[in-house]
Amino acid sequence: MTVPSTSAFLLRFPEFGEQSLPVVEGALAEAGRSTASAPWGTVHTDAVSYLAAHLLATRTMQIGQQVGAQSGSALGTRLESTLYGQEYQRLLAQLPLSGFAF
């Protein structure tokens with residue numbers, strides 16, 4: 001499993017720099033556990049990064065509103081509710097069918 005370091009994640013997504021390191025590390029760990037490495041191959045780190053960003057954006061209303069989360073909408077915490085979740089879905093759609101259930 002290729003979970004990016006907290007510093008690498010924050011370089012890629014500086015908008016989450018105001019979050020405490022334990023919060024960011026927790027989101028990265030959760031995203032890593034939720035994103036199996038085998039089907040993702042070379043884009044696994046990207047997938048983990050975008051899912052972690054989605055989790056952080058939906059958990060923090062102020063940041064979420066700044067980066068595209070639609071708080072108070074019917075979408076809630078669904079992947080479509082943030083730009084990060086949408087990018088995660090785009091990466092997921094590019095995976096070859098492998099019999100894995102997501």
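Below, each value reflects all heavy atoms present in this structure, side chains not excepted, and no hydrogens, waters or symmetry copies.
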Go through the steps for Leu28 and Thr6 under the test side-chain contact (heavy atoms from CB on, under 4.5 Å), then give the verdict.
CA-CA 8 Å; Leu28 285 167; Thr6 304; 4.0 Å; yes
At what distance, to the nearest 0.5 angstrom, does NE2 of His44 lie from OG1 of Thr35?
5.5 Å
Short question: side chain of Glu87, backbone of Tyr50 - any donor-acceptor pair under 3.5 Å?
no
Run Val24 and Phe13 through side-chain contact (heavy atoms from CB on, under 4.5 Å) and show every step you take.
CA-CA 11 Å; Val24 174; Phe13 300 101; over 6 Å; no
Does the side chain of Glu80 pick up a donor-acceptor pair with the side chain of Gln89 at under 3.5 Å?
yes
Distance in Å, Leu79 CG paired with Leu51 CG, rounded so as to fall on 0.5 Å steps
6.5 Å
Okay, side chain of Thr58, backbone of Leu55: is any donor-acceptor separation there less than 3.5 Å?
yes
Flag for Thr82-His54: side-chain donor and acceptor within less than 3.5 Å
yes
Minimum heavy-atom separation for Gly32 to Val3, with atom names?
CA-CG2, 3.8 Å
With a 6.0 Å cut-off on ring centres, are Tyr88 and Tyr84 close enough?
no
Note: Ser49 and Pro4 closest approach over all heavy atoms is OG-CG, 3.4 Å
Whether Arg90 and Asp46 form a salt bridge (side-chain N of Lys/Arg under 4.0 Å from carboxylate O of Asp/Glu) is what I want to check.
no
